[in-house]
Amino acid sequence: MSISAPASLRVAEYRLRNMWRWRGGIIAFGLGNPILYLVSIGIGVGALVDANSPSGIDGVPYLVFLAPALLAAAAIQSAQDEVSFPTLAGFLWNKVFIGMRATSLTGGQIAEGVLLAATVRVVFTTVVYWLVLWVFGAVDAGTALPLVLVSTFAGICWGGFVLALTARVKDDGGYISIMWRLVIMPMFLFSGTFYPLSTLPLALQWIGWISPLWHATELGRWLSYGAPLAPWQALVSFAYLTALGLGGLLLGRRLFEGRLTQ
Amino acid sequence: MPVIHARALTKAYPSASGEVLAVAGIDLDVSPGESFGILGANGAGKSTTMRMIGATLQRTSGELAILGRDPSREGPVIRAHLGVVPQQDTLDTELTVRENLLTYGRYFGLSRSQLRPRIEELLDFVQLQDKRDERVEALSGGMKRRLTIARSLVNDPSLLLLDEPTTGLDPQARHILWDRLYQLRETGVTLVLTTHYMDEAEQLCERLVVMDAGRIVAEGSPAELIRQYSSREVVEVRFGAQRNTEVLPQLQGIGDRVELLPDRILIYTATGEADLQEIVARGHMPITALVRRASLEDVFLRLTGRSLADE
């Protein structure tokens, strides 16, 4: 892998400048949705769950069980947004990538820059959302670093995957909404987010196994309140996320370069 | 050392029946400071040639050196010294005029302190100083084009590539743009532009090639090409779409050469006024008649058998 960080940073700088234009939407979208889930499910459904199982889930109140999953979901969803929209815009809408490619930048550097800027947004979303969880008493102060790190990591890895996926989109007809309805939402619902994955019938559990959100949630629960997780499981989850992100980035760089030299 | 040197430059695309040659082996040499035009109809291979010169498209075969370097191996180094005005503006319409220039300059690795005075100069040059803090989406087509030209100059390029710079602009906006490009020419920047507007080529190019179906079919200065491929004057007569064909055989012997277009007849000649009188004397009264100097349009028609107006 060639070292091209400074040039990628300049692409990220442009992306951040563009993102700043959308700051209101980014904050509303990044926090509004998860907070709605936190209040309606975490507190509403949580009251019901806690009343019926006094020992809690994993031995903790429902809200504490839910919090690491919501945090990882927020990270993944903001990465989804911040990689797919700019990539479609760059290739199809205002075609800024064509203009960038006429400079000394390479396609690979443009891809890296998009992911770098998305990382900034993921970190922002995760940190602020962790603070909200903390205010609601869903996480302990001591979980700040490990939880933010693991969620951010999951978001970046998902971003790498989406980078490669979006780089191939030739016609945006419905791509964004298909991703949301058929990938992001099912992942959110079937990754052991709202209940342990083991309560699902075995025929549906595979959705969790391939879901980066489930892997991030498992790691998050382990780091947050010490949910049982064998070291090998932690390793597998970490490796799975890494492979998804690194594979996506490497493929995405090649796809960007190829598409911009056609 | 030529700024552009190409020999047998070829770009082939795979197709169902083997391959299609978008550029079919062309030779080019452009010297520093020259303003050089590539003229041709849509699909002639102009833009493909431009993208190979701009080091964003790999050639299939042939030799190509830009600023003495091979674009297939040193693309980023070459592009650092190029200014490119693509067919589409590719501006970020959500950012302001100034922000577009700033971010573009940053792509080349220029520092903010280097860029600050440079951006002021460029805003003055393209007369967008009063729009500096407006979002690009609010700009007219002509202003966006001028901004794209300013953007292409941000790295102080030694070679400026303009792909159809005035396509889609109204006449006034085109003239403003030509004026700016003319000024650039004076500063010694090497200009290479593609166009399918003959008047644009005559205005801006010292030397040009005419491309047709991926090949270069003629080369020279506008005046040389007109001298070589056309007569001095052209008589244009219209008898109405139906009658043009009927009248044509009865114009024999008038002028050097006669060309029938769907809407008019062109007579290539050295003596336009006299020939027009002769047509009238033979009893054919045109609905409209015009004697004009020959232009590149006539050269193009002669060389390709097609009128650019048909495109």
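Quick note on labels: first sequence line is chain A, next is B, and so on, each numbered from 1.
Around the CZ atom of B/Arg132, the shell of radius 6.0 Å holds more than 12 heavy atoms that belong to other residues, nucleotides or ligands. Around atom CZ of A/Arg254, no more than 12 heavy atoms belonging to other residues, nucleotides or ligands sit under 6.0 Å away. No more than 12 heavy-atom neighbours from other residues, nucleotides or ligands sit within 6.0 angstrom of CZ on A/Arg181. Within a 6.0 Å radius of CH2 in A/Trp93, more than 12 heavy atoms belonging to other residues, nucleotides or ligands are found. Other residues, nucleotides and ligands place more than 12 heavy atoms under 6.0 Å from the CH2 atom of B/Trp178. A 6.0 Å sphere centred on CZ of B/Arg135 holds more than 12 heavy atoms belonging to other residues, nucleotides or ligands.
Rounding to the nearest 0.5 angstrom, the gap separating the CG atom in B/Asp92 from the CZ atom in A/Arg15 is 7.5 Å. To the nearest 0.5 Å, the span separating CE on A/Met100 from OG1 on B/Thr103 amounts to 7.5 Å. Between B/Thr90 atom OG1 and A/Asn94 atom CG the span is 8.0 Å, to the nearest 0.5 Å. Taking CD1 from A/Ile98 and CZ from B/Arg51, the interatomic distance works out to 7.0 Å, rounded to the nearest 0.5 Å.
A donor-acceptor contact shorter than 3.5 Å is absent between the side chain of B/Arg106 and the backbone of A/Arg10. For B/Tyr107 (side chain) and A/Tyr14 (main-chain N/O), no donor-acceptor pair under 3.5 Å exists by modelled atom type.
Contact count against chain A (heavy-atom pairs under 4.5 Å) is highest for B/Gly109 among B/Ala55, B/Gly109, B/Gly83. Of all the listed residues (B/His81, B/Arg112, B/Arg151), the one sharing the greatest number of non-hydrogen pairs under 4.5 Å with chain A is B/Arg112. Contacts with chain B were tallied for A/Val11, A/Thr103, A/Leu260, A/Thr261; A/Thr103 has the most, counting heavy-atom pairs under 4.5 Å.
Residues A/Arg21 and B/Leu95 meet the side-chain proximity criterion, which asks for heavy atoms closer than 4.5 Å.
Nearest heavy-atom pair across A/Ala102 and B/Val84 is CB-CB, 3.8 Å.
Contacts of A/Trp22 with chain B are made by side-chain atoms alone, with heavy-atom separations under 4.5 Å and no backbone atom involved. Looking at B/Leu102, the atoms closer than 4.5 Å to chain A (heavy atoms on both sides) all sit in the side chain, from C-beta outward. Residue contact with chain A, scored on non-hydrogen atoms closer than 4.5 Å, is absent for B/Thr48. For A/Leu105, the parts lying under 4.5 angstrom from a heavy atom of chain B are both the backbone and the side chain. For chain A, the nearby parts of B/Glu94 are the backbone and the side chain; heavy atoms of each come within less than 4.5 Å.
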